[in-house]
Amino acid sequence: MKSPMRVGTRETHDRATPRAQTRRRAIGDVLFERSVWLAACAVLALLIAVAAFLVWRSIPAIRQDSANFLTTRTWLPDDTPPVFGVAAIAFGTALSATVALVLAVPVAIGSAIFVTQYVPPRVGVWLGYCLDLLAAVPSVVYGLWGMLWLVPAMTPIQHGLATTLGFLPFFADPQGLTRQASRSIFVVGIVLAAMIIPIIAAVTREVIRQVDPGLREAAWALGATRWEMVRIAILPASKLGIAGAVLLGLGRALGETIAVALVLGTSFAVDFHLLVFGKNTIAANIATQFAEAGSLGRSALIASGLVLFAMTMLTTLLARAIIYRSGSRERSAFA
Amino acid sequence: MTTATPLWVHRRRYRRRRWTARLAALAVGSAFLLAVVPLILVLTYTIARGLPHFSWVFFTHSLAGVPPSQAGGGIAAATIGSLEQVGLASLIGLPLGLAVAVYLAEYGTGRLATVTRFLVDVMTGIPSIVAGLFAYTFIVISLHQGFSGLAAAIALSLLMVPIIVRSAEDILAGIPRTLREAGYALGLRRWRVVVSIVLPAARSGLITGAMLAVARIAGETAPLLLTAFDNSYINANPFRGQQSALPLFIYNQAQQAYQPAIDRAWAAAATLVLAITGIYIIARLLTLRKSGAHRV
């Protein structure tokens, strides 16, 4: 069976092996099982160690912070007294990921529907591989392309958006900055969207593949058009799984570092002006500040990394829980 | 129902439904195109910008003594660093990931298995920069090792393990039970069945999974910033001292204000992209030849 749904099918080679039950187990068996068991424990320990080391090494910074770490917007950890907080960069992280999600979700779900429902299965599999390849392109290459190709290309477009749709709060450009500079959250959102589309599409594809074929056929039998079949059979059945896929994409967008660091102009502003140069994210802030930071500065960056870790872990936890609930433990190499 | 709906109403409804279906087909088709456009743009643009700067010197020299404003120098140090870091990461990540997958697929029935399976899935969500921070806090400052290729490899292996576990468990679980039972019927111990029958039968799928994981981590930049820290000189010892790596090379050259540095960034990016797509395509072709039974 190709389907990766195996929660119920993991039956018990235990009981299938007569030896294991009837005789005292051989030393080789015991050793082997112990060692793979140990590996599983090691992975769990690793996850705990990540959290533990981040907490331990961020304590000095949080202790010496002369301002509130969670509500301060500036980032001056190596000043005396040190003043820094994650408010602005956490906001920028959430804002850029949201923009990316808004741009990516329709495209990702549409393309997943396309490769599973609108083309012959064999072709669909190969088109799916093409989408996966998109996820294998390194983020530094996306960043390079975003910085040197997309940013100049977007400058007139962003300026046009700001002048025609400037009355909308998201597209406002109060200081008239979009004429020259375009390293904005909006451009970052486009680059991030390109990076998370394959992830959302891959998981959605798996979820859709696991929809009971009977539902599909029932819709066909009622004389539905292809789109009606998708709407009444596929989408309702895979709703939960798609929600999980979207959350996985969100987690990836929150944690993306290098593409943001290369494309986004840095500032610590907290506003919703998507087209205006600047803002910052937690991950990009770590990447750009780390090399020059002093020891307290590095500790402060670790503390901000802890906040990012918490944000992404909560998102991913929720995503996986939803996907599990939906009954499909999807797997794809890249998600 | 006293009067039947007139025929023209039916026709109109039918026509409207067909048009909706056509529009929807157009929409999902263009969604797919929109998703693939960045891929084509990024790949072709990178290779077009990078290829003209490929040269013998570029592949055989480091950046030592080359200022950003001048042409010359190359990726020798970065290539050595990348190969060593990815190699070390695979040396740690592949056996660990495979062992966990064997545990989950062959022995995993209890609560530990459920928890492990779930947390491995959650681990795929660890941002790469956080993996870098972990290796930095653990290896670089807590164990006083300083920046090194090894620290980078630890961070990369942390990213690699969940990818390996997920693909390998899937492949192992797809090996038919009859094969295992044949082994038991020959009187093999359980561990011998796993080692001599299940793993060899899963070989091609496992290799594909491993290659995809390598392709995935070879391009990671963020963790290397905090662990390998870059070096313009060749440092072939991954256990001591700062090291360069291809993604780091691209990142640092891209931030220079001079065209020769930007050109080097493009050339290195083209090298990296060609290597990664190469690995990816070979991995895909491998599973294609072998009966195509397992989807990774």
Side-chain angles (χ1 to χ4, degrees), chain A residues 2 4 6 13 17 20 26 28-29 32-33 36-37 39-40 43-44 47 50 53-54 57 107 110-111 113-114 118 129-131 133-134 136-142 144-145 147 149 194 197 201 225-227 251 255 257-258 262 283 286-287 290 302 305 308-309 312-313 316-317 320 331 333, chain B residues 17 20-21 24-25 27-29 31-32 34-36 38-39 42 45-46 96 99-100 102-103 107 112 116 118-119 121-123 125 127 129-130 133-134 137-138 161 166-167 170 173 180 184 189-191 212 215-216 219 221-222 225-226 247 250-251 254 265 269 272-273 276 280 284 295-296:
Chain A
K2 240 185 185 180
R6 285 189 337 277
H13 326 299
T17 52
D29 268 348
F32 189 74
E33 183 172 354
V36 293
W37 176 84
V43 166
L44 299 190
L47 195 61
V50 172
F53 271 99
L54 292 189
R57 289 297 175 176
V107 176
S111 49
I113 292 174
F114 180 76
Y118 279 79
Y129 287 164
C130 285
L131 278 180
L133 182 58
L134 200 65
V137 176
S139 55
V140 68
V141 176
Y142 275 110
L144 195 63
W145 170 77
M147 178 173 98
W149 189 86
I197 283 170
T225 61
R226 192 173 287 270
W227 171 245
T257 309
I258 293 301
L262 283 175
I286 297 173
F290 183 81
I302 294 168
L308 176 66
F309 185 58
T312 50
M313 282 299 102
T316 317
L317 214 69
R320 295 297 182 192
R331 335 182 118 262
Chain B
R17 286 175 52 210
T20 317
V28 294
F32 176 77
L34 215 55
V36 180
L39 173 71
V42 170
Y45 193 69
T46 304
L96 184 59
V100 177
V102 166
Y103 172 75
Y107 301 92
L112 176 71
T116 309
F118 185 69
L119 288 185
D121 282 357
V122 172
M123 268 175 88
I129 187 104
V130 171
L133 281 176
F134 166 68
T137 53
F138 179 39
V161 164
R166 282 160 58 85
S167 71
D170 212 28
R180 294 188 171 90
Y184 294 136
R189 299 280 182 193
R190 191 148 171 214
W191 72 275
L212 291 181
R216 178 65 196 284
T221 318
L225 281 172
L226 318 180
I250 302 169
Y251 180 69
L272 190 61
V273 161
I276 287 176
Y280 186 86
R284 279 292 172 226
R295 194 172 54 226
V296 181

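Bear in mind the structure is a predicted one, so any value in this text is a computation, not a measurement. Here is how names work: the chains are called A, B, and so on, in the same order as the sequence lines, proteins then strands, and each is numbered from 1.
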Would you mind checking which part of [X] comes under 4.5 Å of any heavy atom in chain A, side chain (CB onward), backbone (N, CA, C, O), both or neither?
{"X": "B/Leu272", "value": "side chain"}
{"X": "B/Val122", "value": "both"}
{"X": "B/Thr137", "value": "both"}
{"X": "B/Phe138", "value": "both"}
{"X": "B/Val273", "value": "side chain"}

Does any heavy atom of chain B fall under 4.5 Å from the side chain of [X], the backbone, both, or neither of them?
{"X": "A/Ile197", "result": "side chain"}
{"X": "A/Phe290", "result": "side chain"}
{"X": "A/Phe53", "result": "both"}
{"X": "A/Val137", "result": "side chain"}
{"X": "A/Leu44", "result": "side chain"}
{"X": "A/Leu317", "result": "both"}

Among [options], which has the most heavy-atom pairs under 4.5 Å with chain B?
{"options": "A/Leu47, A/Ile113, A/Leu131", "result": "A/Leu47"}
{"options": "A/Cys130, A/Ser139, A/Ser111", "result": "A/Ser111"}
{"options": "A/Trp37, A/Phe114, A/Trp227", "result": "A/Phe114"}
{"options": "A/Ile302, A/Val141, A/Ile258", "result": "A/Ile258"}

Output the option from [options] having the highest count of non-hydrogen pairs under 4.5 Å with chain A.
{"options": "B/Ala24, B/Pro247, B/Ala27", "result": "B/Ala24"}
{"options": "B/Ile276, B/Leu39, B/Ile250", "result": "B/Leu39"}
{"options": "B/Ala31, B/Gly219, B/Ala269, B/Pro38", "result": "B/Ala31"}
{"options": "B/Leu225, B/Thr116, B/Leu119, B/Val42", "result": "B/Val42"}

Given side chains that start at C-beta, do those of [X] and [Y] come closer than 4.5 Å, heavy atoms only?
{"X": "A/Leu308", "Y": "B/Pro127", "result": "yes"}
{"X": "A/Thr312", "Y": "B/Val130", "result": "no"}
{"X": "A/Val107", "Y": "B/Phe32", "result": "no"}
{"X": "B/Arg284", "Y": "B/Leu212", "result": "yes"}
{"X": "B/Thr20", "Y": "A/Thr225", "result": "no"}
{"X": "B/Leu133", "Y": "A/Leu54", "result": "yes"}

Original post:
When the ring planes of A/Trp145 and A/Tyr142 are compared, do they come out parallel, tilted or perpendicular, using 30° and 60° as the limits?
Top reply: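 It falls in the perpendicular class, over 60°.
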**OP:** Answer yes or no for A/Arg226 and A/Tyr118: cation-pi contact, defined as NZ/CZ to six-membered ring centre under 6.0 Å and angle to ring axis within 45°.
**Re:**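 Yes, A/Arg226 sits over the ring of A/Tyr118.
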**OP:** Check for a donor-acceptor pair, side chain of B/Tyr280 on one end and backbone N or O of A/Tyr129 on the other, with a separation under 3.5 Å.
**Re:**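 Here the side-chain-to-backbone pair exists.
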**OP:** Give a yes or no answer on whether the side chain of B/Asp121 reaches the backbone of A/Arg320 with a donor-acceptor pair at less than 3.5 Å.
**Re:**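 Judged by distance alone, no pair lies under 3.5 Å.
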Subject >> CA sep, side-chain torsions, deciding dist, call: B/Val102, A/Phe32, side chain to side chain contact (heavy atoms under 4.5 Å, CB included) >> reply: CA-CA 10 Å; B/Val102 166; A/Phe32 189 74; 4.0 Å; yes
Original post:
For B/Arg190 and B/Tyr184, what are the C-alpha separation, side-chain angles and deciding distance, and is it a side chain to side chain contact (heavy atoms under 4.5 Å, CB included)?
Top reply: CA-CA 7 Å; B/Arg190 191 148 171 214; B/Tyr184 294 136; 3.7 Å; yes
